[in-house]
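Here the structure comes first, spelled out in structure tokens, and everything after it is commentary.
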Amino acid sequence: MASSRIEQIIEEIEEFIDSCKFQPLSSTKIVVNKEELEELLRELRMKTPDEIKRYQKIISNKDAILEDAQTKADAIIADAQAKAQKIVSDSEVMRIATEQSRQLIEETNAQAQEIMDRATEDSNNIRMSAIRYTDDMLGNLEKIMSHTIDTAGTKYSNFINSVQSCYDIVSKNRSELSPTAEPSSYTQPEAEEDLPLDE
């Protein structure tokens with residue numbers, strides 16, 4: 001199945017993020033072209049309702065399939081009943097006509113039931129395919145977001161540990177140069193909130 005426009009936009013966002021340069025002296029924060037990213041997110045918002053409507057339309061076809069099948073079945077039964085009435089119009093062949101009409105109606109009902117069963121199976125297959133496709137798409141998005149969160153957290157933690165190690169060495173060296181001087185205190189600043197990517 002060809003990828004949807006939503007999946008294509010998500011891939012474009014990933015490629016855009018990978019292409020961004022890191023901020024000076026940082027290995028985790030990047031410089032983002034806000035307008036370009038907002039345009040990708042804007043298109044993602046616009047396409048999402050279209051995709052959902054398309055799946056809803058596919059699922060709603062179930063009712064149309066069943067209604068069409070019911071119409072065909074009713075027409076077949078009505079035709080059979082009309083033929084049966086013509087058969088039994090002659091009193092001399094009443095018994096034969098009754099038997100023939102009964103068989104005809106039974107065959108017609110069996111044919112109508114087969115149409116209904118086939119239509120129900122087809123509509124259910126369409127519905128399950130749409131649900132599986134939507135679930136796969138959401139699953140891919142969930143994996144992408146989880147991977148991004150894990151990667152960002154690991155890089156940020158490694159960076160803080162590295163700076164803390166350098167700070168400890170500098171503080172120790174100052175203490176050795178001036179044993180009587182009190183070591184400077186250091187309070188780790190609160191983590192900066194990242195600029196929200198979406199308005």
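Any value given below was found using the heavy atoms of this structure, including those in side chains, with hydrogens, waters and symmetry copies removed.
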side-chain hydrogen bond (donor to acceptor under 3.5 Å, both in side chains) partners for [X], two or more places apart:
X	answer
Asn125	none
Glu36	none
Asp168	Gln164

Got a donor-acceptor contact below 3.5 angstrom from the Thr120 side chain to the Met116 backbone? yes
Single-linkage hydrophobic cluster, 4.5 Å side-chain cutoff, Ile17 and Ile10 together: yes
Atom of [X], atom of [Y] and distance for their closest heavy-atom approach:
X	Y	answer
Val32	Cys20	CA-SG, 4.3 Å
Phe159	Ser27	CD1-OG, 4.4 Å
Phe16	Asn33	CZ-O, 3.6 Å
Gln23	Val31	CG-CG2, 3.8 Å

Listed pairs under 3.5 Å, donor-acceptor, residues 70-79 side chains, sequence neighbours left out:
from  : atom 1 : to    : atom 2 : distance (Å)
Gln70 : NE2    : Asp74 : OD1    : 2.9
Thr71 : OG1    : Glu67 : O      : 2.9
Lys72 : NZ     : Asp68 : OD2    : 3.4
Asp79 : OD2    : Lys83 : NZ     : 3.3

Taking salt bridge (Lys or Arg N to Asp or Glu O under 4.0 Å) as the cut-off, I'd like each qualifying pair that reaches into residues 110-126, sequence neighbours left out, listed once. Glu114-Arg118
Test: salt bridge (Lys or Arg N to Asp or Glu O under 4.0 Å). Region: residues 99-108. Which pairs qualify, not counting sequence neighbours? Glu99-Arg102, Arg102-Glu106
With a 4.5 Å heavy-atom cut-off, do Ile9 and Ile13 have their side chains touching? yes
Could you give the distance from CD (Gln111) to CD (Gln113), rounded to the nearest 0.5 Å? 12.0 Å
Nearest-0.5 Å distance, OG of residue Ser165 to CD1 of residue Ile160: 12.5 Å
Pair Ser157-Asn161, side-chain contact (heavy atoms from CB on, under 4.5 Å): steps then yes or no: CA-CA 6 Å; Ser157 176; Asn161 290 337; 3.8 Å; yes
For Glu39, give me all partners under side chain to side chain contact (heavy atoms under 4.5 Å, CB included), at least two apart in sequence or on another chain. Arg42
